[in-house]
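The analysis underlying the following values was restricted to heavy atoms, covering all of them including side chains, and did not include hydrogens, waters or symmetry mates. Chain identifiers are assigned alphabetically (A, B, ...) following the order of the sequence lines, protein sequences preceding nucleic acid strands; residue numbering begins at 1 within each chain.
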Amino acid sequence: MDYSIRIAGEAGQGLQTIGAALGKIFSRLGYHVFTHQDYMSRVRGGHNYYQIRLSEKAISASRDVIHILVALNIESIDMHRLSLHSDGIILYEPQNDEEEEDEQFLATAFTQIAKDAGGNKIMANVVAVGAILGLFGFDLQVAEEIIKESLAKKSGEIIEGNLKAMQAGSDYVRKNCRKLDRFQTVEAEQDNLMLINGVQAIGAGAVMSGVRFYAAYPMTPSTGIMVYLAGKAVDFGIIVEQAEDEISAINMALGASYAGIRAMTGTSGGGFALMTEGVSLAGITETPIVIAEMQRPGPATGLPTRTEQSDLDFVIHGGHGEFPRVVLTPGTPEQAFYAANKAFDLAEKYQIPVFIQADQYLGDTEWTYRDFDLSDLSYKDYRLRHKDLAELKDYKRYAVSSDGISPMAVPGESRHLVVVDSDEHDEDGHIIEDAETRIRMFDKRLHAKMERLRKEISPPVLYGERTAPEIILVCFGSTYGVIREAVDILGKDYSLAMLHFSEVYPFPALNEFDYADYLRKARSTVCIENNATGQFNRLLRAEMGIACSSRINRYDGRPFTLESLVEEIRQRL
Amino acid sequence: MDYSIRIAGEAGQGLQTIGAALGKIFSRLGYHVFTHQDYMSRVRGGHNYYQIRLSEKAISASRDVIHILVALNIESIDMHRLSLHSDGIILYEPQNDEEEEDEQFLATAFTQIAKDAGGNKIMANVVAVGAILGLFGFDLQVAEEIIKESLAKKSGEIIEGNLKAMQAGSDYVRKNCRKLDRFQTVEAEQDNLMLINGVQAIGAGAVMSGVRFYAAYPMTPSTGIMVYLAGKAVDFGIIVEQAEDEISAINMALGASYAGIRAMTGTSGGGFALMTEGVSLAGITETPIVIAEMQRPGPATGLPTRTEQSDLDFVIHGGHGEFPRVVLTPGTPEQAFYAANKAFDLAEKYQIPVFIQADQYLGDTEWTYRDFDLSDLSYKDYRLRHKDLAELKDYKRYAVSSDGISPMAVPGESRHLVVVDSDEHDEDGHIIEDAETRIRMFDKRLHAKMERLRKEISPPVLYGERTAPEIILVCFGSTYGVIREAVDILGKDYSLAMLHFSEVYPFPALNEFDYADYLRKARSTVCIENNATGQFNRLLRAEMGIACSSRINRYDGRPFTLESLVEEIRQRL
Amino acid sequence: MADEKDYTGQTPAWCPGCGNFSLLATLKKTLAAMDIPPHELIVVSGIGQAAKLPHYLRCNAFNGLHGRALPVATGISMVNPDMKLLVTTGDGDCYGEGGNHFLHAMRRNVNMALFVHNNQIYGLTKGQASPTSRQGMKSKTQPFGSLSSQFNPLSMAISQDCGFVARGFIGDREHLQHLMTEAINHRGFSLVDIFQPCVSFNKVNTFKWYKERVYHLEEEHDAGDRMKAFQRSLEWGEKIPVGIFYRHDNNRVLTDDLPPLKNGPLPLQDFDPQETTQILEEFY
Amino acid sequence: MADEKDYTGQTPAWCPGCGNFSLLATLKKTLAAMDIPPHELIVVSGIGQAAKLPHYLRCNAFNGLHGRALPVATGISMVNPDMKLLVTTGDGDCYGEGGNHFLHAMRRNVNMALFVHNNQIYGLTKGQASPTSRQGMKSKTQPFGSLSSQFNPLSMAISQDCGFVARGFIGDREHLQHLMTEAINHRGFSLVDIFQPCVSFNKVNTFKWYKERVYHLEEEHDAGDRMKAFQRSLEWGEKIPVGIFYRHDNNRVLTDDLPPLKNGPLPLQDFDPQETTQILEEFY
Ligand SMILES: Cc1ncc(C[n+]2csc(CCOP(=O)(O)OP(=O)(O)O)c2C)c(N)n1
Ligand SMILES: Cc1ncc(C[n+]2csc(CCOP(=O)(O)OP(=O)(O)O)c2C)c(N)n1
Ligand code: SF4
Ligand code: SF4
Ligand SMILES: [Mg+2]
Ligand SMILES: [Mg+2]
C-alpha cells in the first residue's frame with residue numbers, strides 16, 4: 001500500500017488545512033506518512049499544492065505519481081493530471097455542469113455539500129477530507145477525534161457542523177465514485193504515530209535543550225522556528241523577540257548568551273549574509289550561539305518559498321577571519337531534533353557558533369515516527385555558576401588551557417568580572433596588539449578547539465549494500481529521504497549504497513568509519529545535490545581529496561522526487 | 001648595496017613624514033626602494049615604525065636586519081636594537097646627557113638641531129631625514145627638490161627653514177658619527193624611479209579604468225583607496241560618497257552602476273561581511289561592480305591595523321546562492337594596478353561582481369618601478385548606448401544568449417525600459433517562479449558565464465628554477481615579494497621555484513600552463529600563507545585535487561620578513 | 001498627455017481587496033496626469049508586497065533587497081539626477097530592516113519621492129508586527145505582544161527637517177493623487193506615508209478603521225511651521241490627520257554639491273583613458 | 001561608599017588632551033557616588049575611541065562590533081534586567097553604522113543609559129565626517145564637503161517619545177555627573193549625547209568652541225513638555241543648550257512585558273529537560 005494525494009489550488013483556498021488534517025489522521029491511524037508542500041510567494045491566488053503520501057511501511061520521500069488529486073480550482077486539473085496514476089482519481093469542484101470525462105474524474109461540489117450538510121463555506125475543507133477518507137473506505141472515528149481536538153476552542157455547533165460536513169464528503173464519494181475499490185488498504189501495524197516536520201523538530205529540540213532566548217527577523221523558511229518557539233514562550237519561559245533586522249537579531253542573541261543563558265537565532269541565506277559579521281564576533285569572543293540557517297533558492301531574493309542546498313559554502317566560510325564553528329546538516333526531522341540538541345551542547349561546551357543548516361524542504365516536510373528516544377538527549381550546564389565562582393580566587397575569561405576551553409562565568413553572579421572583546425585580547429579580555437598574545441589566543445581558540453571538535457563529529461551513514469558497494473550515492477542534508485528510497489529501488493538491480501553526511505564541518509574524520517576507503521573502492525560515485533554547482537562535492541574534495549565520478553544537481557527550486565531521481569541515477573550507471 | 005632604515009616611535013611623532021620623504025628621495029635618486037609600516041590602532045602614543053629598504057637592485061620585501069634605527073623615543077631603542085646589523089647605527093633623541101654606549105649609538109638632538117638651525121619643533125623630522133642622508137653621504141640636492149615640492153603651498157620662510165634643518169641634520173652626523181664610511185653606496189643605474197604602494201595602485205588603476213562612483217564606509221586598511229579617489233574626485237569627475245554603513249555603500253554602488261556608470265566600493269573583512277547580501281544582489285541582477293577587499297587580521301575587530309590573508313574563503317563564498325564572480329589577488333602594486341583595470345573590464349563585460357582582494361601589507365608597502373606600461377590597459381564600454389538602443393526594436397535586460405551575456409542598457413537613454421530584480425526573473429526582468437525559466441536563467445547567468453570566465457583567468461607565475469623544480473613554494477596575493485626574494489636566496493642551494501597565484505577565482509585552468517604537472521612532479525611543495533588555517537592550500541585541493549606536502553603559516557598579524565621566512569623554509573627542506 | 005494605460009505592467013499578485021490596488025491605480029493616474037514618460041522614471045523598491053509594485057507599473061525598475069531600496073536610489077540619483085525617481089516600500093522594508101537608510105537618505109536630501117505603503121504589518125511574510133504596529137499587538141511571532149512603541153515616521157522626518165512630509169490614505173484617492181503629485185514635484189527628499197489596509201493579516205487597522213479616523217489637515221494648516229507640523233504629527237487616536245504636514249525648500253539637494261555633475265548626468269559623459277595618464281606623475 | 005579607584009581599568013590609549021579622559025573621570029565619579037559595584041555593572045560598547053572606554057573602567061564589559069552595541073545590550077537586558085546597563089559609544093558608532101539600532105532600542109525602551117561621546121567626527125579612523133559633523137565639512141574622504149545635513153539625535157529621540165533625553169559637555173563635569181546620575185537612575189532608555197572634543201581631528205568643534213557656546217537649560221525648563229523640549233532641541237548656533245531636554249516615565253519598559261522574567265533573571269533560573277518532555281505530545 002503506497003498512495004499519494006495532492007491537494008492543489010490557490011493560496012488561501014484552505015489546502016493547508018486539508019493537507020495537515022489528512023497527515024494527522026493517517027498517522028494517528030498508524031500509517032507512515034510523508035507530506036510536502038509547493039507554494040508560491042504570495043498570500044492569495046497562484047498555484048500551490050500539498051502532497052500527502054501514506055503507506056504501512058516507512059517512507060521518506062514524495063513520489064511523482066499521485067493517486068488522488070483534489071483540484072480546488074479548474075486550472076489545477078490541467079497542471080497536475082499528467083501526474084495521475086492510471087487508477088487515480090481527480091476530485092474537483094465543478095464549475096458549470098460539465099460532464100465527467102471518465103472514471104478518473106469525480107465532480108465533488110465541496111462547498112455545496114458542506115452547505116447541504118448544514119455547514120458553511122469554510123467547511124468545504126472538511127468535506128474534502130471526508131471525501132478522501134471515503135475513497136479509501138476509512139472509518140471516520142479517528143478523523144472525528146482529530147477534528148474535535150483541533151476545534152477544541154470553538155463552539156459545539158461549529159464542531160458538529162464540521163463533523164457532519166466530513167461525513168457528507170465521505171458519503172458523497174462512496175455513493176458517486178464509479179470504482180470504489182480502486183484503493184486497497186491494509187491495516188497499520190500499530191496505531192498512533194508521531195507526525196513532525198523539520199521546523200518543529202528543530203524547535204522542539206531547542207526547547208528540550210534549554211533555549212531561553214530566540215531573536216530573529218522574519219524570513220521564509222526560517223520563520224516557522226520562530227513561530228514554534230513563540231508558541232512555547234510563555235509555558236517554557238523563553239524570550240522570543242523579533243529584531244529590527246538580522247544584524248540586531250544575532251547581536252541580541254550574543255548579548256543574551258553572554259548574560260548567561262542559551263541563545264539562538266534563525267534565518268535564511270539573505271538574513272545570514274547580514275549575520276556573518278556577528279558570527280565572526282561569536283568566534284573571537286567565544287560566545288556560544290546556535291544558528292539555524294534554513295536555505296531557499298538564491299541568489300538574493302531568488303525563489304523565496306522554495307528549496308535549495310546552495311548556502312553550504314557560505315555557512316562554512318561566512319564571517320571574516322578564522323575561528324572554529326560546527327555545521328550540522330540533518331536529513332530528517334529526527335536528525336534535526338538531535339542536531340538541535342547537539343548544537344546547543346557543542347556551542348556551550350566549546351563556546352562557539354554552531355549551525356543547524358536545513359532548507360525549506362526539510363523544514364516543511366512531515367515524517368512519521370513511533371517516537372524519539374529522549375535518553376539520547378544530553379544536557380549539561382558548562383558555565384561556571386555561583387558556587388564555582390565563589391571558590392575562584394582569580395577569574396580570567398580567556399585563561400589559556402591546553403584544551404582551548406576557558407572558564408565561562410556569568411556576569412553579576414559573583415564579584416568576578418566578565419570582559420569580552422571583539423579585538424584580539426589577553427586572558428582578561430582586554431584589547432592587545434602584541435604578536436605573542438595573538439598567537440597564544442589563536443592556538444587556544446582555534447587550533448586546540450578544532451582538534452577536539454573533530455572528534456565530536458559523527459561519521460556519515462552508509463545505507464544499502466554495506467560491504468563493498470560498487471556504486472555510492474553521496475549526499476548531505478535534506479536529500480536523505482529521497483535517496484534512501486532510491487537505494488531501496490535501485491538496490492534490487494545494483495550493488496549500491498547511499499553515503500549521507502549529516503555533520504559536515506569540521507569534516508568527519510576517518511577513524512570511526514573509513515568512508516574514504518569505500519569511496520575509493522567504488523566503481524562509481526555520484527554526488528547528488530539540490531544546487532547547481534556541487535558544493536558538497538567540492539567540499540569532499542577540499543577536505544578529503546576525493547572526487548566523485550559524477551554529479552546530479554537540481555537547481556530549479558524544487559526538491560528531488562523519487563521516480564525522476566531514480567531515472568536520473570540509472571542514466572549515470 | 002642593500003640597506004634598511006627603521007624609524008620608530010609613537011604615533012604622532014612624525015615617523016610617517018620621515019619615512020615617506022626618505023622613500024621619495026631614494027627613488028628619485030634612482031634606487032630601488034621597499035617600505036613597510038607597522039602601527040597600532042591608536043592615534044597618538046604606542047609603538048609604531050616605518051621601515052625603508054634601498055638597493056641599486058630590484059627588491060620586494062622587508063628584511064629583519066636594519067642598518068639605521070631612528071629612535072624617536074627611548075623605548076624604541078630597546079624594542080629594536082636586537083634587529084641592528086653589527087655595522088648599524090642608532091640615531092636617538094637624547095634624554096639626559098647619557099653617554100653613548102658605543103659606536104652603534106649616536107645621540108642626535110633632532111629638535112634642538114632644528115631650533116639651532118632657526119627652525120621649529122616640527123622640523124625635527126627633516127633633521128632626521130638630513131641625518132640619514134648624511135650617514136650615506138648623499139648629496140642633498142634631490143632631497144631639497146622634494147622638500148620644496150611637498151611644501152609648495154607653504155611660505156618661502158617655512159621652506160627655507162626646512163632646507164636649513166635638513167642640512168643641519170646632515171652636517172651633524174657627518175661631524176659626529178664615529179665611523180662615517182660604514183655605509184658604502186653605489187650609484188643607481190638611472191634616476192627617477194616611481195614609488196607607489198598597493199592602495200595607490202588600486203586607486204590609480206580604477207581612475208584609469210573609468211571609475212565614476214565610489215561609495216564606502218571608512219575601515220582600515222581600505223580607507224586609503226577612498227582617500228586616494230576623493231583626492232581625484234574633482235579633477236576626474238568621480239563621485240565619492242561616504243555611506244552610513246557598508247550595506248548602504250554596496251547598494252549605492254549597485255544603484256550607480258545600474259544607472260549606467262562604472263562603480264566601485266571597498267572595505268575590509270568586517271565591512272565585507274555586511275556587504276555579502278549585496279554581492280548576491282549583484283549576482284542575480286547581473287549588475288557590474290568592483291569590490292576591493294583589504295584584509296586585516298580577524299575575527300571581528302581583531303588587530304585592525306595589521307595584516308593577514310584570512311578572508312580568502314569568505315570572499316570566494318560570501319553571498320547566498322550561486323552566481324559567478326572573479327577574485328583577483330595581486331601580489332605587488334604593479335599587479336594591483338592591472339588588477340584594478342581587469343576588474344573593471346571583467347565586471348562590465350560579464351556583468352558580475354569582481355573582487356580585488358589585498359591586505360594591509362600590500363596596501364601600505366611602497367615599491368619602486370621604472371614605469372607602468374599603459375598600453376597593457378584596456379578600456380571598452382560594454383553597455384548599449386544611444387545609437388545601439390535607438391536601433392533596437394525590442395529590449396530585454398536578461399535576453400538569453402549562448403554566451404550568457406545579455407544586453408545591458410542605460411535607463412533613460414532610450415524608450416526601452418531597464419528592469420532588474422532580486423527575485424528570479426524572466427528575460428524582461430520581471431519576477432517569476434516557474435522551474436523552466438529558473439533553469440534557463442541559471443544556465444545563462446551562471447553556467448555559460450563561468451565557462452567563459454575560466455578562460456579569462458591568468459595562470460600562476462613560476463619564478464626561479466623553471467624546468468622541473470624539486471621544491472615549489474606555493475602562494476597567492478601579498479606574499480609575492482618576500483617569497484620571490486626567498487627564492488633568490490634559496491635558489492643558490494636548491495632546485496626551487498615560487499608558484500604565485502594572482503588570480504584565484506575561477507581557479508586558473510591548465511591549458512595555458514600546466515602548473516599541476518609541476519606540482520605533482522616536485523619533491524616538496526610548501527604552501528606559504530599569512531593566515532592560520534591554510535585557506536589557499538585548501539582551495540588548491542578543492543579545485544585541483546592537489547595537496548601540498550607542507551605549509552608555513554603566519555597568523556600574528558605581521559607580514560613575513562625575509563630572513564625569518566628563509567629560515568623557516570630551510571627547516572622544511 | 002499620457003494615458004494611465006501607458007503604465008500598465010504585470011498583473012499584480014496581491015490578495016483580492018488589498019489596499020495596494022488603489023495605491024497602484026492612483027500612482028498610474030498621477031504619473032499620467034504629470035505626463036512622466038515611463039522611460040524617464042525609475043522606481044526602486046525593496047522586498048515585500050509593497051515592493052512588488054514596480055513590476056506592476058511600466059517603468060524602469062530596480063527591485064532590490066529587503067530594506068535596501070534607498071541606498072540604491074541614492075546611487076542612481078547621484079550619477080543621474082535627471083531621472084524621475086520613486087521608491088515604493090513597505091513599513092517593514094523602510095522603517096524596520098531599512099531604518100538606517102531612511103534616516104540617512106533624508107539627511108542627504110536625495111531628490112526623490114518615497115511612498116511607504118504603511119499597512120502596519122508585515123504582509124508578505126504573513127502577519128508579523130512591523131515598526132508601525134501598535135504596541136502590544138499579538139501575533140504568531142509576538143507572543144508577549146509587540147514590545148516596541150509604535151514608530152512615528154512623520155515626527156521623525158520633521159525632527160530631521162525633511163523638506164516634504166505627508167500622510168495619505170488609499171481610501172481617499174483624489175487626495176492621495178494630490179500628495180503624490182506634490183511629492184514628485186518637490187525638489188528634494190519627500191516622504192508620503194500611505195495607509196494601505198492589509199486585508200489578509202491586519203484585522204485591526206482595516207479600511208473601515210482608517211476610514212473612520214482619517215481627516216484632512218485644515219486648509220489653514222501652515223506646513224511651513226515646523227513646531228506646528230511636529231505637533232500635528234503626534235496626533236494618533238480616534239482621529240488621525242492626513243495631508244502635507246511639513247514642507248519647505250530650505251535645504252540643499254544632494255546633487256547640488258556634486259561638481260562632477262556640472263557637465264550633466266555621468267552616464268552621458270564620455271570617458272577617455274588617455275585623459276587620465278597624468279595621474280601617475282605624482283609617484284615620481 | 002565606593003571609591004573612584006575601584007573603577008580603575010586599563011591605561012587609556014587615547015591622545016593626550018582628548019575629551020574622553022574627562023568623560024571617563026566623570027563616569028567613575030558618578031559610579032562611585034552612586035555606589036554601583038563593578039560586578040553589578042555591564043558596559044557594552046561598539047568600536048571607536050569612545051567604544052574603548054569599557055577597557056578603561058573596572059566592570060563587566062562586552063566590547064562588540066562597530067555600530068552593534070545596542071542590540072547586545074538589549075539581549076542582556078531581556079534576560080537579566082537586574083544588572084546596571086550602560087552603553088558607551090561614538091557618534092559614528094551609534095548614529096552612523098548603528099542608526100537603526102538607535103531607533104529601535106529607543107522604541108523598545110530598553111532599561112539602560114546610552115552615553116554617546118559626540119566629537120562630531122570619526123576619531124579612531126582618523127577624521128572622516130560623522131552624522132553629527134556639520135554639513136559641508138571637508139575631509140580627506142569628503143571631497144565635496146559632507147553632503148548630509150547634521151543629524152540631531154535629541155530631536156529624533158523626542159520625536160519617538162524617548163523618556164530621557166539629555167545633552168552634556170565634558171567641559172562641565174559637575175553638570176555631566178548630574179546628567180549621568182539621572183540617566184542611570186531613569187527607568188527606561190536614557191540618552192545622553194555628550195560633547196567630547198577630539199583634539200586630533202576636529203579642528204572646528206574644539207573645547208573652546210563648545211565652551212563658548214554651551215549654556216544650561218534654564219531651571220524653569222519643563223522637561224515634561226514635549227513640544228518645548230522639541231523646540232529647545234533644535235537650537236544650534238552661537239548658543240547651544242545642555243541639560244535634560246525631555247523626561248517622563250509614561251512608557252512601559254521592555255522587560256515589564258516579559259512573562260519569563262516573573263521568576264527573576266533567566267540566568268538564575270534552573271533548567272530541567274525532564275520538564276519539557278510533554279512538548280512532543282502535540283505531534284501525535
Ligand atoms: C534580509 C531579509 N530579511 C527578511 C526577508 C523576508 N521579508 C520579505 S518581505 C518582509 C516584510 C515585509 O513587510 P513590509 O515591508 O511591511 O511589506 P508588506 O508586505 O507589508 O507590504 C520580510 C521580513 C527578506 N526578504 N530579506
Ligand atoms: C563594520 C565596520 N566598519 C567600519 C569599521 C571601522 N571603524 C572603526 S571605529 C569607526 C568610526 C569611529 O567613529 P565614532 O563612532 O564617532 O568614534 P570615535 O572614534 O570618534 O570616538 C569606524 C568607521 C569597523 N570597525 N567595522
Ligand atoms: S498580504 Fe496584505 S498587503 Fe499583502 S497583498 Fe495581501 S492584503 Fe495586500
Ligand atoms: S583621535 Fe580624537 S577622539 Fe580619538 S583619542 Fe584622539 S583626540 Fe580622542
Ligand atoms: Mg507592511
Ligand atoms: Mg566620533
Side-chain angles (χ1 to χ4, degrees), chain A residues 10-13 16 39-48 199 203 214-249 252 266-271 273-274 296 298-302 304-305, chain C residues 11-18 20-21 45-49 51-52 55 62-68 72 90-102 119 121-131 133 137-148 151 198-202:
Chain A
E10 294 180 9
Q13 284 194 312
Q16 260 182 317
Y39 51 92
M40 295 182 79
S41 177
R42 54 191 290 169
V43 171
R44 296 276 178 275
H47 305 287
N48 295 357
V199 152
Y214 187 89
Y217 187 80
M219 188 163 194
T220 310
S222 65
T223 313
I225 299 174
M226 190 175 188
V227 171
Y228 178 88
L229 291 174
K232 309 298 171 209
V234 174
D235 287 352
F236 294 91
I238 304 164
I239 291 179
V240 175
E241 174 65 341
Q242 182 177 313
E244 59 273 27
D245 56 29
E246 288 85 352
I247 303 172
S248 179
M252 280 186 189
T267 186
S268 176
L274 295 165
R296 67 189 212 189
T301 314
T305 58
Chain C
T11 311
W14 290 317
C15 308
C18 174
N20 280 321
F21 286 102
S45 74
I47 295 295
Q49 298 287 18
K52 287 182 181 173
H55 293 285
F62 192 119
N63 180 1
L65 298 170
H66 183 52
R68 315 303 171 190
V72 169
D91 41 332
D93 203 33
C94 191
Y95 307 139
E97 185 87 48
N100 206 28
H101 313 306
F102 177 59
N119 51 16
I121 202 93
Y122 283 15
L124 190 63
T125 47
K126 308 198 169 176
Q128 299 82 12
S130 91
S133 293
M137 184 192 88
K138 292 217 177 186
S139 87
K140 285 188 179 171
T141 54
Q142 270 71 35
F144 320 121
S146 174
L147 298 166
S148 299
F151 175 59
C198 168
V199 297
S200 290
F201 296 110
N202 196 329

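- Residue contact with chain C, scored on non-hydrogen atoms closer than 4.5 Å, is absent for A:Thr305.
- Here the shortest heavy-atom pairing between C:Phe144 and A:Ile238 reads CZ-O, 3.3 Å.
- For the options A:Met226, A:Met219, A:Lys232, A:Met40, heavy-atom pairs under 4.5 Å to chain C are most numerous at A:Met226.
- For the set C:Gln128, C:Lys126, C:Glu97, the count of heavy-atom pairs under 4.5 angstrom toward chain A peaks at C:Glu97.
- When each of C:Leu65, C:Leu124, C:Asn63, C:Thr125 is scored by its heavy-atom pairs under 4.5 Å with chain A, the top score falls to C:Leu124.
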*Should C:Trp14 and A:Val43 be marked as a side chain to side chain contact (heavy atoms under 4.5 Å, CB included) after you check the CA-CA gap, both sets of side-chain angles, and the distance that decides it?*
CA-CA 7 Å; C:Trp14 290 317; A:Val43 171; over 6 Å; no
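- Going from atom SG of C:Cys18 over to atom CZ of A:Arg44 covers 10.5 Å, rounded to the nearest 0.5 Å.
- Considering OH of C:Tyr122 and CD of A:Gln242, their distance stands at 5.5 Å, rounded to 0.5 Å.
- If you measure heavy-atom distances from C:Tyr95 to chain A, you find no contacts under 4.5 Å at all.
- In this structure A:Tyr228 satisfies the ring-ring contact (aromatic ring centres under 6.0 Å, His included) test with no other residue, sequence neighbours excluded.
- Proximity to chain C is limited to the side chain of A:Glu241, based on heavy atoms less than 4.5 angstrom apart.
- Rounded to the nearest 0.5 Å, atoms OG (C:Ser200) and CZ (A:Arg42) are 11.0 Å apart.
- Contacts of A:Ile225 with chain C are absent, with no heavy-atom separation under 4.5 Å from either backbone or side chain.
- Here the shortest heavy-atom pairing between C:Pro143 and A:Val240 reads CG-CB, 4.1 Å.
- Of the atoms belonging to A:Leu229, not a single heavy atom falls under 4.5 Å from chain C.
- For C:His66, the ring-ring contact (aromatic ring centres under 6.0 Å, His included) partners two or more places apart in sequence, or in a different chain, are A:Tyr217.
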